[in-house]
Colleague: 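Please read through the structure below; I'll follow up with questions.
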Amino acid sequence: MKPVVITAAVVGAEVTRQQTPHIPITPAEIADAALQAHAAGAAMVHLHGRLPDGTATQDGAVFADIIRRIRQQAHPLIQVSTGGAVGMTAEERLQPAFLEGDVKPDMVTFSLGSVNFGDGVFLNPPQLLETFAQLFRERGLKPELEIFDSGMLATAHRFIKKGLLKPPLHFDFVLGMPGGMAGTVKDLQHLVDGVPEGCSWSVAGVGAAQLTLATAALAMGGHVRVGLEDNIFYRKGELATGSDQLVARIVRIARELDRAIATPDLARELLHLD
Ligand code: KMH
Ligand code: ZN
């Protein structure tokens with residue numbers, strides 16, 4: 001099997017300090033969390049921004065600050081969220097996709113449809129999807145396709161046919177979100193069966209599904225995303241001390257399963273960047 005690309009989702013938009021004291025908030029804290037996750041084995045970090053009061057922001061300056069702090073010390077692949085938080089406008093969400101030069105991201109996320117998201121709705125109507133796809137192509141940004149249910153995978157196939165997405169692509173199955181597809185191995189297998197030829201995939205299990213789905217993906221030859229954005233617990237009733245702790249566990253399991261851990265350079269190849 002190919003080496004596994006581990007992505008660390010270190011902050012997200014939703015987790016609060018009330019839920020866990022370990023969620024990073026300031027650019028310095030987010031960059032530190034990313035660097036620690038990278039040191040633990042994550043080839044890529046998935047970033048969101050926060051304001052000092054902890055609310056989510058897609059402000060390009062906040063992302064630039066985080067990215068600069070990371071790249072001053074190490075070079076994990078940097079993936080910025082264009083999902084942002086529920087309720088944000090498309091313009092707000094896209095700000096990090098316009099960063100250039102030393103803070104240009106290596107990858108952007110691209111959610112291929114709307115989904116109930118906890119108590120809210122993560123809205124991605126058809127027109128927005130076309131605008132995002134065209135913009136990413138024009139700007140030479142590689143999207144990671146965030147798939148919350150099988151309808152979104154069907155949309156990916158449609159967009160490929162229409163020429164709006166160009167394989168080889170990388171898919172990330174986000175499973176176990178209340179409102180999206182359940183976080184079971186059966187659901188994961190169903191999605192993996194629909195991945196277009198030559199494309200790669202990873203899984204991001206939400207909550208308790210994180211460990212089981214990550215372990216399944218390691219056995220199935222897929223890639224893995226873990227981190228406090230998706231799951232704040234190390235085990236039932238015990239908070240994870242940071243995303244690096246969750247990454248380190250995946251590294252140990254991967255080694256037991258004879259999966260090597262991809263470096264950022266190898267991840268670049270495996271995720272079809274450049
Ligand atoms: N926070 C969610 C509404 C992404 O990063 O692209 C969207 C999200 C997906 O987290
Ligand atoms: Zn995210």
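Indexing begins at 1, ligand by ligand and atom by atom, following the structure's order.
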Colleague: If you draw a 6.0 Å radius around CD in Glu100, do more than 12 non-hydrogen atoms from other residues or ligands fall strictly inside?
Modeller: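 Enclosed.
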Colleague: Starting from the C-alpha separation in whole Å, work towards a yes-or-no answer on side-chain contact (heavy atoms from CB on, under 4.5 Å) for His46 and Asp172.
Modeller: CA-CA 12 Å; His46 166 77; Asp172 182 43; over 6 Å; no
Colleague: Do Ser111 and Asn124 have a side chain donor and acceptor closer than 3.5 Å?
Modeller: no
Colleague: Quick check: does Glu229 have an N/O/S atom under 2.8 Å of the Zn ion (ligand 2)?
Modeller: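 An N, O or S atom of Glu229 is closer than 2.8 Å to the Zn ion (ligand 2), so yes.
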Colleague: At the Zn ion (ligand 2), what's the angle from His46 NE2 to His48 NE2, rounded to 10 degrees?
Modeller: 100°
Colleague: Return a table of N or O atom pairs, ligand 1 on one side and protein on the other, at distances under 3.5 Å, rounded to 0.1 Å.
Modeller:
from     : atom 1 : to     : atom 2 : distance (Å)
ligand 1 : 1 (N)  : Glu14  : OE2    : 2.7
ligand 1 : 1 (N)  : Gly84  : O      : 2.8
ligand 1 : 5 (O)  : His46  : NE2    : 3.2
ligand 1 : 5 (O)  : His48  : NE2    : 3.1
ligand 1 : 5 (O)  : Ser81  : OG     : 2.8
ligand 1 : 6 (O)  : Ser81  : OG     : 3.4
ligand 1 : 6 (O)  : Gly83  : N      : 3.4
ligand 1 : 6 (O)  : Thr109 : OG1    : 2.6
ligand 1 : 10 (O) : His48  : NE2    : 3.4
ligand 1 : 10 (O) : Glu229 : OE2    : 3.1

Colleague: Look up atom CD in Glu144 and atom NZ in Lys142, then write down how far apart they are to the nearest 0.5 Å.
Modeller: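 It is 11.0 Å, given to the nearest 0.5 Å.
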Colleague: Pick from Thr109, Ile67, Leu94, Leu141: which one makes a side chain to side chain contact (heavy atoms under 4.5 Å, CB included) with Val80?
Modeller: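 Exactly one option meets the side chain to side chain contact (heavy atoms under 4.5 Å, CB included) with Val80, and it is Ile67.
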Colleague: Does a side chain donor of either Gln36 or Asp32 reach within less than 3.5 Å of an acceptor in the other side chain?
Modeller: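 Judged by distance alone, the side chains do not pair up.
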Colleague: Among all residues two or more places apart in sequence or in another chain, which pass the side chain to side chain donor-acceptor pair (under 3.5 Å) test with Asp119?
Modeller: none
